[in-house]
Amino acid sequence: MRDLVCFSHLRWAFVLQRPQHLMARAARNRRVWFVEEPVPGPRPLLRCRVTPEGVHVCVPEVPAGLGIDGAETVVTGLVADLARAEGLRGAAAWLYTPMMLPFAEALDPSLVVYDCMDELAAFRAAPPEILYRERALFARADLVFVGGPSLWEAKRGAHAHVHLFRSSVDVSHFRVARSGPPEPATLAPLRRPRLGWVGVIDERMDLDLLGQVAKLRPDWEWPLIGPVVKIDAGSVPQAPNVHLLGSREYRELPAYLAHFDVAIMPFARNDATRFISPTKTPEYLAAGLPVVSTAVRDVVQDYADRGLVHIATDAAGFVAACERALTERHDPARQHKVDAVLAESSWDDTWTRMDRLIETAELRTLVRSAK
């Protein structure tokens, strides 16, 4: 198995998402490095550590004042030094953002994989050159994976080998919520019902909608678990029944979900959510929770159309959907249907199928190089 070097805009220690799930599984049978975006430091340095899963996480440190081009040159040099020191020349490069393509090229990679999990160009403060970089990455990539059907529709014409891999789930991890783990102390003071969110709180959340539904049902509690990024925390509704509880470790999440009554996904309808396929959807369902969401296209197509998620388009509709969901909290027939759908996808299965495609792509590159 070839070594694999992953270049990610999401940090390993941030919210556990698709990159961590996949790279941890890749590390079971190959050496894996995970290179993050640079942070300020007194001198150029690639600071690396090894995770319990065996992934080498590397954070480039770059002196301030170099500018974007200067910082890029420094990081490219640090990656080239890593490649020489660890024998990574010719490794497979795996990218989550087109902006890190120059770093990947420092490996002289034998294979380039683009795992496109989001339309990053639509996110707040996206660099203007990201679209140009993505075109270059499509031209360079041997394989392209995408994280949802909407994104697949948007990207499938850009490359000859674009493959859809929906958000997967570690069912056994979240199923713990169904066994009644002890209630976390931060939830204990909250009344019932609790209609909660777990995940990043940013421009993709419809905070106005959340404020309206909290006002419509002041007797319901709305706990929010996760970091606030790219937006002012003060923009989160300041209501007595809205509770910003901060981040929690992945291992803690089942205990919190066990003591929610409904899981919510009040996503905004904007450019940043047009192509999202939220990982939290199958996680909520695996935990045994009924789910209420706004009309995100992939959620509607993959879950609502199967009768697994309630959809609402405004505050009154969201409250009404939550009322229906509350009647399903302990419905065994509903959970049986959910489990049948979740059995179709796991992170282990997703990685296995991706790995097979990588092996096929590696054979194609060998054939090309032999000609």
Side-chain angles (χ1 to χ4, degrees), residues 15 17-18 117-120 122-124 147-154 166-167 169 193-218 220-231 235-237 239 241-244 257 260-287 289-329 334 338 341:
V15 175
Q17 298 180 69
R18 182 180 177 105
M117 60 180 282
D118 285 306
E119 183 62 275
L120 296 180
F123 282 20
R124 180 172 294 186
S150 296
L151 205 51
W152 181 76
E153 288 286 349
R166 289 173 169 84
S167 297
V169 62
R194 299 165 183 164
L195 302 96
W197 159 280
V198 173
V200 178
I201 300 166
D202 59 15
E203 77 272 19
R204 292 171 293 177
M205 182 183 279
D206 190 336
L207 297 173
D208 290 336
L209 174 66
L210 179 61
Q212 291 173 45
V213 297
K215 186 175 181 180
L216 285 172
R217 292 308 302 258
W220 291 357
E221 304 283 13
W222 305 84
L224 310 177
I225 295 172
V228 179
V229 300
K230 294 188 289 183
I231 62 172
S235 63
V236 177
N241 59 336
V242 176
H243 308 276
L244 198 56
L257 294 173
F260 287 1
D261 297 292
V262 172
I264 61 169
M265 299 197 303
F267 285 108
R269 301 303 305 277
N270 57 31
D271 288 345
T273 63
R274 182 180 174 191
F275 299 106
I276 64 170
S277 183
T279 302
K280 61 175 53 56
T281 316
E283 292 175 347
Y284 286 161
L285 292 171
L289 286 167
V291 180
V292 177
S293 176
T294 48
V296 172
R297 181 181 172 189
D298 285 5
V299 175
V300 172
Q301 177 177 326
D302 288 345
Y303 297 100
D305 285 350
R306 299 187 188 190
L308 304 181
V309 171
H310 297 275
I311 299 296
T313 57
D314 58 22
F318 204 92
V319 168
C322 288
E323 288 172 340
R324 293 193 298 273
L326 284 167
T327 68
E328 301 175 350
R329 178 64 173 91
R334 174 195 157 277
V338 164
V341 171

Which side chain to side chain donor-acceptor pair (under 3.5 Å) pairs, counting each pair once, include a residue from residues 200-210, with sequence neighbours left out? D202-R204, E203-K230

Could you pull out the closest heavy-atom pair between C322 and I264, with the gap in Å? SG-CG2, 4.4 Å

Looking at D261 and L195, would you say the former's side chain and the latter's main chain have a donor-acceptor pair under 3.5 Å? no

Within the 4.5 Å heavy-atom criterion, are V15 and P227 side-chain neighbours or not? yes

Can you see which heavy atom on R297 is nearest to which on S150, and at what distance? CD-OG, 3.1 Å

Which residues pass the side-chain hydrogen bond (donor to acceptor under 3.5 Å, both in side chains) test with D118, not counting sequence neighbours? none

Verify, without hydrogens or angle tests, whether Y284 (side chain) and V198 (backbone) share a donor-acceptor contact under 3.5 angstrom. yes

Taking the side chain as every heavy atom from C-beta outward, state whether M265 and V296 have any atom pair closer than 4.5 Å. no

Test of understanding: with side-chain contact (heavy atoms from CB on, under 4.5 Å), list the residues that count as partners of A239, not counting sequence neighbours. N241, V242

So, do T273 and N270 sit near enough that their side-chain heavy atoms are less than 4.5 Å apart? yes

Roughly how far, to the nearest 0.5 Å, is the CG atom of D298 from the CG atom of L151? 8.0 Å

Can you tell me how far apart CG (L308) and CD (E328) are? Round to the nearest 0.5 Å. 9.5 Å

Of all heavy-atom pairs linking A304 and I311, the shortest is CB-CG1, 3.4 Å

Qualifying residues under salt bridge (charged side-chain N to carboxylate O under 4.0 Å, His left out), relative to E283, sequence neighbours excluded: none

So CE of M117 and CD of Q17: to nearest 0.5 Å the spacing works out to 5.0 Å

Run the side-chain contact (heavy atoms from CB on, under 4.5 Å) test against R324 and tell me which residues pass, sequence neighbours left out. H310, A320, A321

Can you name the residues that form a side-chain contact (heavy atoms from CB on, under 4.5 Å) with R329, not counting sequence neighbours? L289, P290

Measure the spacing between CG of L326 and CH2 of W220 and express it to the nearest 0.5 Å. 5.5 Å

As an exercise, state the distance from CD of E119 to CZ of R274, rounded to the nearest 0.5 Å. 8.5 Å

Would the distance check show the side chain of R194 and the main-chain N or O of P223 forming a donor-acceptor pair, the cut-off being under 3.5 Å? no

K215: which residues meet the salt bridge (charged side-chain N to carboxylate O under 4.0 Å, His left out) condition with it, sequence neighbours left out? none

Looking at residues at least two apart in the chain, or sitting in another chain, which of them share a side-chain contact (heavy atoms from CB on, under 4.5 Å) with D271? A122

Salt bridge (charged side-chain N to carboxylate O under 4.0 Å, His left out) involving R306 - partner list, sequence neighbours excluded: E344

Contact summary for A154 and F275, nearest pair of heavy atoms: CB-CE2, 3.6 Å

With heavy-atom distances below 4.5 Å as the criterion, would you say the side chains of W222 and V213 are in contact? yes

Looking at residues at least two apart in the chain, or sitting in another chain, which of them share a salt bridge (charged side-chain N to carboxylate O under 4.0 Å, His left out) with R166? D302

Residues A272 and F123: closest non-hydrogen pair is O-CE1, 3.5 Å

ring-ring contact (aromatic ring centres under 6.0 Å, His included) with W197: which residues, sequence neighbours excluded? F267

Between CG on residue L207 and CD1 on residue I201, distance to nearest 0.5 Å: 8.0 Å

Please assess V299 against V291 for the test side chain to side chain contact (heavy atoms under 4.5 Å, CB included), listing each intermediate value before the final yes or no. CA-CA 11 Å; V299 175; V291 180; over 6 Å; no

Shortest non-hydrogen pair, S277 vs G148, comes out as CB-CA, 3.8 Å

